[in-house]
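See structure below.
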Protein chains: 2
Amino acid sequence: MRTHAVVEATQVDAASLLRGAGLRVTKPRTAVIVALAATPHASADDVFQAIAIALPGTSRQAVYNVLGDLADNGLAQRIEPAGSPARYELRVGDNHHHIVCTSCGAVADVDCAVGHAPCLTPHHTAGFVIDEAEVTYWGTCADCQQLARVPDSSSHASAIQGETP
Amino acid sequence: MRTHAVVEATQVDAASLLRGAGLRVTKPRTAVIVALAATPHASADDVFQAIAIALPGTSRQAVYNVLGDLADNGLAQRIEPAGSPARYELRVGDNHHHIVCTSCGAVADVDCAVGHAPCLTPHHTAGFVIDEAEVTYWGTCADCQQLARVPDSSSHASAIQGETP
DNA sequence: CGCATTCTTTTGACTGAATCAAAAGAAGGG
DNA sequence: CCCTTCTTTTGATTCAGTCAAAAGAATGCG
Ligand SMILES: [Mn+2]
Ligand SMILES: [Mn+2]
Ligand SMILES: [Zn+2]
Ligand SMILES: [Zn+2]
């Protein structure tokens, strides 16, 4: 993997994503997209911290604005697992679902169990017209299973990433 | 329906529910249980307001305490739909799901699509051990469909209840 | 019943996450 | 290069909930 090429490609991609959605290309927006590409399911604060390195001085409010704009324009998706601040990802439009670790909050992707949105149809809709079915699985991530086995030490570092190998 | 009998039965029931869980029987707890029985999917604030009538002077903190205690002891379930404060209900242990109106926030119950928890099994669990599958349907409630048809007036009264007929 | 222990509730301060609004700054079209 | 419009910054503010100490009530027991 040519890391440099990957990063550069990502930035180019960010610009065209933004333009494609009719949004101006700005440094905070590019930086947020790059950060989300590197770390799916990041919270606003995670993004803020990631960006502090690449683009110091960026305000927290700018991160909220950008994330909101991305979500409003279909460039990012927001998920809000119970007990966690909102998290964002660039993977949109494929109706995938999430597993959340009840122990450390780690989030991983789960491909849709059935097919396409809404991927589940309840029998009784109580008069509602359904647009979407959101599935959240709750469980224990591999790291926390490990920690439970070795009844040891302090809380481990936060695991925001998806795709636990 | 003998309203008086129903209410009384509910209060009696509240006391035995509490005792059964090893919790002391107090007025705030009884009142919260009665309120939840009358209004499933109520928020802490909804409960606070409902109780203000039956038991004036009850603190907001007491409502939070009671709801937390009920949830911790399996007497109530907490759901946290995105964009809404937590909601509570006495219907526990049957792994049912929810439809939330994206327009007004109304919540209704949906029986589990498959059977018992976890009612859905993803193919790839990314190393997680799954305890539970939570399904949230998003859509438009009957009232809001109606309002959309008649492109009229102001926002309608809040609909907290489940079971839109 | 009356008392002691333990659990609850009240009060009031405080936090995290997010939003609002006004002023300053940058992007992009001409 | 400049003007308009959109973004970002700054700082205040809200909402939902938590924390902690002191006061009050429920249960168990003599
Ligand atoms: Mn995802
Ligand atoms: Mn329910
Ligand atoms: Zn974990
Ligand atoms: Zn509605």
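The sequence lines fix the lettering, A, B, ..., with proteins before strands; numbering per chain opens at 1.
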Close side-chain approach of A/V32 to A/L70, heavy-atom, < 4.5 Å: yes

Summary of protein contacts for nucleotides 22-30 of chain C, nucleotide by nucleotide, where a base hit scores B, a sugar-phosphate-only hit scores S (4.0 Å, heavy atoms): ----BBS--

Base-pairing string, 5' to 3', of DNA chain D - Watson-Crick or wobble, under 3.5 Å, | interstrand: ||||||||||||||||||||||||||||||

Set of residues satisfying salt bridge (Lys or Arg N to Asp or Glu O under 4.0 Å) with respect to B/R19, sequence neighbours excluded: none

B/R91 bridged to B/D111 by N-O distance under 4.0 Å: yes

Whole angstrom value for the distance that separates P of C/dG16 from CZ of A/F48: 14 Å

Toward the 5' end of DNA chain D, by each residue's nearest nucleotide, A/G22 or B/E80: A/G22

Single-linkage hydrophobic cluster, 4.5 Å side-chain cutoff, A/Y64 and A/V34 together: no

Plane angle bin for A/H41 and A/H98 - parallel if under 30°, tilted between 30 and 60°, otherwise perpendicular: perpendicular

Short side-chain to backbone donor-acceptor contact, A/D69 and A/V66, under 3.5 Å: no

Pairs flagged by side chain to side chain donor-acceptor pair (under 3.5 Å) wherever residues 47-59 of chain B is involved - sequence neighbours left out: B/D45-B/Q49

DNA chain C contacts among residues 59-73 of chain A, heavy-atom distance under 4.0 Å: A/Q61, A/Y64

Length of the CG-P vector between A/D45 and C/dT15, whole Å: 16 Å

Lys/Arg cation over aromatic B/F48: B/R60, 6.0 Å, 45° cone: yes

Residues in salt bridge (Lys or Arg N to Asp or Glu O under 4.0 Å) contact with B/D72, at least two apart in sequence or another chain: none

Short side-chain to backbone donor-acceptor contact, A/Q145 and A/T140, under 3.5 Å: yes

Residue whose nearest DNA chain C nucleotide is more 5′ - B/R29 or A/A44: B/R29

